[in-house]
Structure formats: structure tokens, C-alpha cells
Amino acid sequence: MDCPWRPADIEQREGRILRQGNQFESVKLFKYVTEGTFDAYNWGLIENKQKFIGQLMSGKNPSRSCEDVDEAALSYAEVKALASGDPRIMEKTELDGQVRKLKLLKANHESQRYALEDKLLQFYPKAVRREEELIRDMEADLKHFQDHAAPDKEHFSMTVMGTVYTEKKEAGQAILSAFERLKSLNDKIELGEYCGFPMILWVSDSEFSQKLQITLKHNLSHTIEPGADAFGNITRLDNLLEGMAQNLENHRGELENLFQQMEEAKAEIGRPFPQEEELKEKAERLNHLNMELN
């Protein structure tokens, strides 16, 4: 007899009849609705709720958003529309909500467009400039490494604390010995030179820990965190230098991605509000109804 508040309540009621073990082969379900009352409104709410639930559960909804109407409540205008019996008032009430929602969507569309325009004017030019400068420095550092790198793995040379080492083990031990020269967190020791890059030994001091760092610098700074293994530290330095080529390619990809984003932003700015025609039609119909009802 009454319309429940949730679609699940209807399923529960009907589930007591439409279930396995029922001794009747067929059943009939009756729903009684009284014309001119709030029944139509209540059943309309149930319908909208079920649509919302169905969109989420089925995964077949092509739209990008679903609206939950579980918190819906009657406004004064809706009560007036239901009580008057004039269908134009109910249509006007529904159009008021639809036009308001479309205007909010349009305002959001415009806000996003303004944000993209701002990014095109400020963010993207700065980001592109920053990437281009970084790529130029990385190209210079990579060329510097290639010009000073050993011709093969058999040839090794590293200067540590003024001494030239041609054996990795000895150079690694010399680096470990240099750790003891650090007397405070503010000390920075000129550790030596490797593949044309000056090496600085220092300590990074963060809120949570202090860590030893070795930085190789040409145009840019390239840093590793050394460990307690002599060979391992040499390997980390080699990996750092040999990884510059891949790092350079990654930043070239980032620059290309920025240019692509700029083109997409320009195209997005030129797109009109997709529901402009719907907003125009409903706003005109609403104005027509307002004139009639006034």
C-alpha cells in the first residue's frame, strides 16, 4: 500500500513471494497508488534511486557521473506543485532544478577553460623552459663523461684525496677511509675526481636522518649514497654516470609530453560547452512557463 524509501525495501517485500520453495506456480504483485497525492513523487524518487544503483552495479552506464538522490527532500516549490494539481507548476519546478544544474556544469566548464588558459600562459612556458635548460645541461654532462670515460673496463683511473688509483679495490678503500675525515655535518670534503667529474663528500641532514653523499658535478650535480662496501661504491658511481644517457632520454620524453599537453589544452579551450543547446532549450521553456504562470 505504501511506497518505501529504498528500492531494497521493495525487493525484500517481493522476495518473500518470488522465492524458491513457494508452493504457488504463479503470483501477482499489486502496487496501489492514489492519484493527486504524493505517491507519484515518492515512486519517482524510488525510480531515480534505482537508476543510480543500477548505473553503479551494471557498469554499463556511458556517462561519467551518477547522482545519488538518497538525500532528496521536498522543497516548498515541489509541495506547491503537487498540491496545485497544475502540471505546468511541476514542470517548472523540475526545469528549475535542471537549468540550475546545467548552469553549474557550464560554470565548471568555463572554470576549467580559464584554468587551461592560465596554464598555457604561465605553467607550460616555464615548464618547457625548465626542461630545455635541464636537457642542455644533461647533454653537456653526458658529452663530458663520454670524453673522459675509460676506453674499456680494463682501464680504470680515479683520484681520491690527491692520490691516483688504477685499481678499483684500492680506490674503494680510499673512499671508505675518507669518511673518517668528516668531523661535523657542515663539512664538505673535496674527495677527488672520476671520469672528469670532481667528487664532493658531504652529509645530508634531514629531519629524520643524516646520510653520507658523494656528488659528482659538471653542469649538474649527480649524487649517490655510498655504502660500506669498497667495490659497491665504485659500482654505484659507474651506474650513476652510465645512467645519464637514459635519464636524458626520459627528460626528452617529458619535454615531448609537455608539448603534447599544450596542444591538447589548446584544443580543449576551443571546445564549447557540450550541453549548451540543452541549456538554451530548457531555459527558454522555463522562461515561457514563468510568463504563463505569472
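Here, residue 1 is the first one in the sequence, and each next residue gets the next number. This structure is a prediction, so every number in the text was calculated from the model and none was measured.
- Within a 6.0 Å radius of NZ in Lys280, no more than 12 heavy atoms belonging to other residues, nucleotides or ligands are found.
- Between the side chain of His109 and the main chain of Gln275, no donor-acceptor pair closer than 3.5 Å is present.
- In summary, the side chains of Ser204 and Gln213 do present a donor paired with an acceptor at a separation below 3.5 Å, with no hydrogens or angles considered.
- A salt bridge links Arg88 and Glu292; the closest N-O separation between the charged side-chain nitrogens and carboxylate oxygens is under 4.0 Å.
- One N or O on the side chain of Asn233 and one on the backbone of Gly227 form a donor-acceptor pair closer than 3.5 Å.
- Between the side chain of Asp118 and the main chain of Tyr114, no donor-acceptor pair closer than 3.5 Å is present.
- Side chains of Lys266 and Leu120 form a contact here, defined as non-hydrogen atoms less than 4.5 Å apart.
- Of the possible polar contacts, one joining the His148 side chain to the His144 backbone as a donor-acceptor pair under 3.5 Å is found.
- The backbone N or O of Leu220 sits less than 3.5 Å from a side-chain atom of Asp141, completing a donor-acceptor pair.
- A distance of 6.0 Å or more separates the ring centres of Tyr194 and Phe145.
- For Ser111 (side chain) and Ala107 (main-chain N/O), no donor-acceptor pair under 3.5 Å exists by modelled atom type.
- Between Arg100 and Asp96 there is no salt bridge, since no side-chain nitrogen of the basic residue lies less than 4.0 Å from a carboxylate oxygen of the acidic one.
- If you check the side chains of Asn250 and Gln246, you find a donor sitting under 3.5 Å from an acceptor.
- Checked by atom type and distance alone, the side chain of His251 never pairs as donor or acceptor with a backbone atom of Leu134 at under 3.5 Å.
- With rounding to the nearest 0.5 angstrom, the CZ atom of Phe231 is 14.5 Å from the CZ atom of Arg236.
- Residues Val203 and Asp187 have side chains not in contact (no heavy-atom distance under 4.5 Å, counting atoms from C-beta outward).
- Judged by distance alone, the side chain of Asn290 and the main-chain N or O of Leu286 form a donor-acceptor pair under 3.5 Å.
- Contact check on Glu139 versus Arg136 returns no salt bridge, with no Lys/Arg side-chain nitrogen under 4.0 Å from an Asp/Glu carboxylate oxygen.
- A salt bridge links Glu110 with Arg113: the closest approach of a Lys/Arg side-chain nitrogen to an acidic carboxylate oxygen falls below 4.0 angstrom.
- The residues Glu278 and Lys282 are annotated as salt-bridged, a charged nitrogen and a carboxylate oxygen being separated by less than 4.0 angstrom.
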